[in-house]
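Report on the following structure.
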There are 2 protein chains.
Amino acid sequence: MELSPTAKVILGMLSLSPRSGYEIKSFVDKSTRFFWAASYGQIYPELRKLEAAGLIEGEDAPTGDRKRTVFRLTPAGEQALHDWLRVPPEVLEMRHEGMLKVFFADALGPGERRQRLLDMREQHLEKLAALRAVEAARTKDEDTSTYLILRFGIEFNEWIAEWCERAARELAPEPVNAERSR
Amino acid sequence: MELSPTAKVILGMLSLSPRSGYEIKSFVDKSTRFFWAASYGQIYPELRKLEAAGLIEGEDAPTGDRKRTVFRLTPAGEQALHDWLRVPPEVLEMRHEGMLKVFFADALGPGERRQRLLDMREQHLEKLAALRAVEAARTKDEDTSTYLILRFGIEFNEWIAEWCERAARELAPEPVNAERSR
DNA sequence: AATTTCATGTAATTAGTTACATGATTAT
DNA sequence: ATAATCATGTAACTAATTACATGAAATT
């Protein structure tokens, strides 16, 4: 059974612990968001499909009068997750507008490449700040894979920001400031 | 006028030089592919829309009996490209299955995280080899933005592969080999 | 009292891939 | 002769976002 992109993240999230669609979405936004996003428009229909396929099962768990369904993996769902995890990865796609603008920067004339690099750097510094905030809010999970990936995200964005700074510096030797000034 | 994702790469490619849809596609595959892809199913319909909007114009340039249309930017198209390039980037999306598998690796048990890291490393080594081949085939363009981005791609994939190797080594002190052995 | 968060869902739209179809030209 | 490349395009399908809609509970 071929898993859809959103099925992959849902099954994985439910392997961490049973949870509702809303909780899946909010945890995605604090964790996999920077390399694997998911919206409500994907999550809720996919939860129904996975339940129909017998990979997950939902249980009513309302808070007062507000209805709520918590999903957990079935044995078949756990098996499907394991099967997927053991195969080498295939999907590796990016949509990086900052890089595209640097790539075409020469169309603006010789002086403009530097500013495109600084714009790209700025975007990664913003991502970095968001990930650092997540790191600060977290509680003892040093030995988990989820924390390892958070560290990856932080170091990854640092590396890119530094690469941009270095490339900008090589174009013009003035110091690079943190703020955009235009 | 809001440019579609594919319009951005088409206008940029035509700023490098006039070319056909086929040539746009093959150059994308050798250059922006690793951070901004485009398929024929996107390119040909978008070329028609951009021509209808007056941003590009096509000229018949057949090779013998095989018909062929070469597109170039109009002044309005050049303006649209410049307007887009000068605004800070917004789109920054990834679909990174290797990272997602590392993220959920604990579901397989404690020993499996290492293999997921090595799988992810392998994928980036493959990207790296493809980009190095492009670099070897290229001719004097050291001072262009397109070459800068190629260098970025190479160093970026190197950095990720090394990060994976380092993380795998910290989990188990045996040496990391280039080949998958399972 | 008002705002934010929790909670679930759908409809419309946009984006994108993959497979198919056709045919000329060039290289082996 | 055959295969690879050049060249253009569409149809079917999959994926994904965005906006909308509704309403309860918790917080300020």
Side-chain angles (χ1 to χ4, degrees), chain A residues 1-10 13 18-30 32-52 56 58-71 90-97 100 137, chain B residues 1-10 13 18-30 32-52 56 58-71 90-97 100 137:
Chain A
M1 183 173 351
E2 195 64 25
L3 298 175
S4 75
T6 303
K8 293 168 185 174
V9 74
I10 289 176
M13 287 296 173
R19 57 192 74 190
S20 67
Y22 183 87
E23 288 166 331
I24 289 170
K25 165 70 172 157
S26 54
F27 190 62
V28 161
D29 286 342
K30 295 191 303 180
T32 69
R33 178 69 188 81
F34 80 93
F35 64 92
W36 199 281
S39 64
Y40 289 126
Q42 297 286 125
I43 291 170
Y44 285 113
E46 189 65 36
L47 283 169
R48 301 202 169 281
K49 285 180 205 164
L50 290 170
E51 192 171 34
I56 65 175
E59 190 187 349
D60 281 354
T63 40
D65 249 11
R66 190 208 280 152
K67 67 176 174 179
R68 173 165 169 273
T69 310
V70 166
F71 295 89
E90 287 177 10
V91 181
L92 177 47
E93 298 296 334
M94 262 182 149
R95 266 276 187 268
H96 196 307
E97 197 173 26
L100 196 66
Chain B
M1 180 171 357
E2 195 64 23
L3 298 176
S4 75
T6 302
K8 291 169 186 176
V9 74
I10 289 177
M13 288 294 174
R19 58 191 73 189
S20 67
Y22 183 86
E23 288 167 331
I24 290 170
K25 164 70 172 158
S26 52
F27 190 62
V28 161
D29 285 342
K30 295 191 304 182
T32 69
R33 179 67 186 81
F34 79 92
F35 64 92
W36 199 281
S39 66
Y40 289 126
Q42 295 287 122
I43 291 170
Y44 285 113
E46 189 66 35
L47 283 169
R48 300 201 171 281
K49 284 181 206 164
L50 289 171
E51 193 170 34
I56 66 175
E59 190 186 350
D60 281 354
T63 41
D65 250 12
R66 189 208 282 151
K67 69 177 173 179
R68 174 166 169 272
T69 311
V70 166
F71 294 90
E90 287 177 12
V91 181
L92 177 47
E93 298 295 336
M94 261 181 149
R95 265 279 187 265
H96 196 307
E97 198 174 26
L100 196 66

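Convention: sequence-line order gives letters A, B, ...; per-chain numbering from 1.
- Of all nucleotides listed (C:dA7, C:dT8, D:dT8), C:dT8 comes nearest to the side chain of A:Y40.
- Considering only side-chain atoms of B:Y22, the nucleotide from D:dT17, D:dT8, C:dT17 that sits closest is D:dT8.
- Note on A:T6: only backbone sugar-phosphate atoms sit closer than 4.0 angstrom, heavy atoms only; bases stay farther off.
- Distance from the side chain of B:E23 is smallest for D:dA7 among the nucleotides D:dA25, D:dA7, C:dT17.
- Contact annotation for B:G21: backbone-only contact, meaning every heavy-atom pair under 4.0 Å involves sugar-phosphate atoms and none involves a base.
- B:E97 pairs by the side-chain hydrogen bond (donor to acceptor under 3.5 Å, both in side chains) definition with A:K8, A:W84, not counting sequence neighbours.
- The separation between A:R68 atom CZ and C:dG9 atom C1' is 16 Å, rounded to whole Å.
- Phosphate proximity of C:dG16 to A:R95: present, with a side-chain N or O under 4.0 Å from OP1 or OP2.
- OP1 and OP2 of D:dA15 both lie 4.0 Å or more from every side-chain N or O belonging to A:Q42.
- In this structure a side-chain-to-backbone donor-acceptor pair under 3.5 Å is present from A:R95 to B:A37.
- Distance check: A:R19 CZ to A:T69 OG1 gives 15.5 Å after rounding to the nearest 0.5 Å.
- One can place CZ of A:F71 at 12 Å from C1' of C:dA7, the figure rounded to the nearest angstrom.
- For B:Y44, the listed nucleotide lying nearest its side chain is D:dG9; candidates were C:dA7, D:dT17, D:dG9.
- Atom NZ in B:K49 sits roughly 11 Å away from atom P in C:dG16 (whole-Å rounding).
- Here the P atom of nucleotide C:dT14 and the CD atom of B:E93 are 18 Å apart, to the nearest Å.
- Atom C1' of nucleotide C:dG9 and atom CG of A:L47 are separated by 11 Å, given to the nearest angstrom.
- Projected onto DNA chain D by closest heavy-atom contact, A:P5 and A:D65 fall at different nucleotides, the more 5' of which corresponds to A:P5.
- Using a 4.0 Å cut-off between a side-chain N of Lys or Arg and a carboxylate O of Asp or Glu, B:R68 and B:E59 do not qualify as a salt bridge.
- Note: A:F35 and B:H96 have perpendicular aromatic rings, judged against thresholds of 30 and 60 degrees for the angle between ring planes.
- Whole-Å rounding puts the B:R19 CZ to D:dA7 P distance at 12 Å.
- A straight line from CD of A:E46 to P of D:dT14 spans 12 Å, rounded to a whole angstrom.
- B:S20 has a side-chain polar atom (N or O) that falls below the 4.0 Å cut-off from OP1 or OP2 of D:dT8.
- Atom pair A:R48:CZ and C:dT10:C1' shows a separation of 11 Å (rounding to whole Å applied).
- Not one side-chain nitrogen or oxygen of A:S39 sits closer than 4.0 Å to the OP1 or OP2 atom of D:dA16.
- Side chain of A:R66, nearest nucleotide from C:dT25, D:dA15, C:dC6: C:dC6.
- Side-chain atoms of A:E46 and A:T6 include no donor-acceptor pair closer than 3.5 Å.
- Look at A:T63 and you'll find a side-chain N or O under 4.0 angstrom from OP1 or OP2 of C:dA7.
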